[in-house]
There are 2 protein chains.
Amino acid sequence: MKNLTVRQSEILTFISDVISNEGMPPTRKEIALKFGFKSANSAEEHLKALDKKGYIDLHGGTSRGISLNKPFLGIPIVGSVAAGSPLLAVENVEERIEFNGNIFSDSVDYFLRVKGDSMNEVGIVEGDLIAINKRKDVKPGDIVVARINDDVTVKTLFHLDKRKVILRPENKNYKDIEINPAVENFDIEGKCLGVLRNYN
Amino acid sequence: MKNLTVRQSEILTFISDVISNEGMPPTRKEIALKFGFKSANSAEEHLKALDKKGYIDLHGGTSRGISLNKPFLGIPIVGSVAAGSPLLAVENVEERIEFNGNIFSDSVDYFLRVKGDSMNEVGIVEGDLIAINKRKDVKPGDIVVARINDDVTVKTLFHLDKRKVILRPENKNYKDIEINPAVENFDIEGKCLGVLRNYN
DNA sequence: TTTTTTACTGTATAAATAAACAGTATGAAA
DNA sequence: TTTCATACTGTTTATTTATACAGTAAAAAA
């Protein structure tokens, strides 16, 4: 996929926002207005660039005839995470799902497919998709995605300070995980906003 | 809410379909084409009727300026079910959520808010929303919504024939429910397609 | 029975919109 | 150094689109 310029990226985001908020894509004039272009043709040329690079499809002769290109739409589902790679690296994204936001309490950056039974007692089971919001500021009680020495795990955060982190599995067959972030490589990847499970 | 005529309902459905499939609302001409109207004005008048009845909002002077009215959109969430009332009766619908379909394996007719812990061992816990598809043809192994003598319950279907139905709670503290549909009032309301849980 | 609503055809037009063409200017790539 | 891509302004035009007005006809409501 070809890279977008900053401006092109802004315009792509704007189109996506307008579709979400207004229920229809913007016109060239509306794009020009938003970015302060004095000519609608500026918008036209950005659209052509986005089309050429494959991010949108332009439907000739149609008002508001802009559609976002599916493969780059939707929320990524992160499956198995290769050790050491960023969660959202392309090789970890198993697919994307169309999803419009108003369901969870915050915006969903990605879904993570759950492995294992360590969170069974709070109703998170193998194969579930958990909705994740990328953030570092989590508090005890939150279910978090954490990275410990290149290993990604989902647990309830029980305690967090500079010298000690305690992650609690929600299954009595497992023990608490205690980490010294000064010694071990530890990072909070995000907060779990909810669960999505699809039978069959 | 005022009732729609058959034609108006067809047109509302078409608008909704076009938005889903094309990513933008149709023009008057496109509506006329779809229904075989020889004049775009026929579409215009139907739109005005739908606007007047509150089902859509028309944005004057804007191409494709049709938006569906939120309160009638989205998938209903059924909360507590009043004894004897149809599940989808207005008094049982606690709210609606925007939701676009491609997530579950079949279309979601409504979400049911889970009460109690009888399905805990398969990860369905109190407060969860379960996605339901209205259908009668369910098979053993399916998680179903059933009505037993005006009581609505969610269980795994274990056995089903004309003389005996066995519903199985997924929690060892509960016993199987055995029903004789010839004697008791029993009905399958739908099949559970999946689970949606929102923390906080 | 009269009025209103529904459901259309047919015509017309102002405004919205897409999109081409002609420029200017800058920075990056070949 | 020349070409190409980016990022604009400014103008123009054909087409799309919304939408009003004038009718016809049937069914429903008052």
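Each chain gets a letter, A, B and so on, in the order its sequence line appears, and its residues count up from 1.
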message: Would you say the rings of B:Phe35 and B:His46 are close, in the sense that their centroids are separated by under 6.0 Å?
response: no
task: Can you see which heavy atom on A:Thr156 is nearest to which on A:Gly141, and at what distance?
output: CG2-O, 3.9 Å
task: Taking ring pair (Phe, Tyr, Trp, His ring centres under 6.0 Å) as the test, write out the residues that go with A:Tyr199, two or more places apart.
output: none
query: If we ignore angles and hydrogens, is there a donor and acceptor under 3.5 Å between the side chains of B:Lys155 and B:Thr153?
result: yes
query: In whole Å, what is the span from the CZ atom of B:Phe35 to the C1' atom of C:dT6?
result: 15 Å
- prompt: Can you name the salt bridge (Lys or Arg N to Asp or Glu O under 4.0 Å) partners of A:Glu30, sequence neighbours left out?
  reply: A:Arg64
field: For A:Leu33, the rest of its hydrophobic cluster, which grows through side-chain links under 4.5 angstrom
entry: none
task: Verify, without hydrogens or angle tests, whether B:Asp142 (side chain) and B:Lys139 (backbone) share a donor-acceptor contact under 3.5 angstrom.
output: yes
Under 3.5 Å, which protein N or O atoms sit close to an N or O of nucleotides 28-30 of chain D? Give each pair with its distance.
none

For nucleotides 12-17 of chain D, which of its nitrogen or oxygen atoms have a protein nitrogen or oxygen under 3.5 Å away, and what is each distance?
from, atom 1, to, atom 2, distance (Å)
D:dT17, OP1, A:Ser63, N, 2.9
D:dT17, OP1, A:Ser63, OG, 2.9
D:dT17, OP1, B:Arg64, NH2, 3.0

Pull out every protein N or O sitting under 3.5 Å from an N or O of nucleotides 25-29 of chain C, one pair per line with the distance.
none

- prompt: What residues, two or more places apart in sequence or in another chain, satisfy ring pair (Phe, Tyr, Trp, His ring centres under 6.0 Å) together with B:Phe186?
  reply: none
message: Holding to side-chain contact (heavy atoms from CB on, under 4.5 Å), I want the full list of residues that pass it with A:Asn120, two or more places apart in sequence or in another chain.
response: A:Asp117, A:Val125, A:Asn171
query: Using 4.0 Å as the upper bound for N to carboxylate O, is an ion pair formed by B:Lys172 and B:Glu121?
result: yes
query: Taking only residues two or more places apart in sequence or in another chain, which ones pass side-chain contact (heavy atoms from CB on, under 4.5 Å) with A:Glu44?
result: A:Arg28, A:Asn41, A:Lys48
query: Got a sec? Which of residues 6-15 of chain B come in under 4.0 Å of DNA chain C, heavy atoms?
result: B:Arg7, B:Gln8
field: Backbone of B:Leu12 reached by a side-chain donor or acceptor of B:Ser16 within 3.5 Å
entry: no
query: Is the count of non-hydrogen atoms from other residues, nucleotides or ligands lying under 6.0 Å from A:Phe158 atom CZ greater than 12?
result: no
message: So does B:Lys134 get a backbone contact from the side chain of B:Asp109, meaning a donor-acceptor N/O pair under 3.5 Å?
response: yes
Test salt bridge (Lys or Arg N to Asp or Glu O under 4.0 Å) applied to B:Asp57 - qualifying residues, sequence neighbours left out: none
query: Hey, can you pull the residues of residues 36-48 of chain B with a non-hydrogen atom under 4.0 angstrom from DNA chain C?
result: B:Gly36, B:Phe37, B:Lys38, B:Ser39, B:Asn41, B:Ser42, B:Glu45, B:His46
field: Nearest-angstrom distance from the residue atom CD1 of A:Ile56 to P of C:dA18
entry: 12 Å
query: What's the CG-P distance between B:Leu50 and C:dT5, to the nearest Å?
result: 15 Å
task: Using atom CG of A:Leu33 as one end and atom P of C:dT17 as the other, report the distance to the nearest whole Å.
output: 12 Å
Between P of C:dA20 and CG of A:Leu58, the distance in whole Å: 10 Å
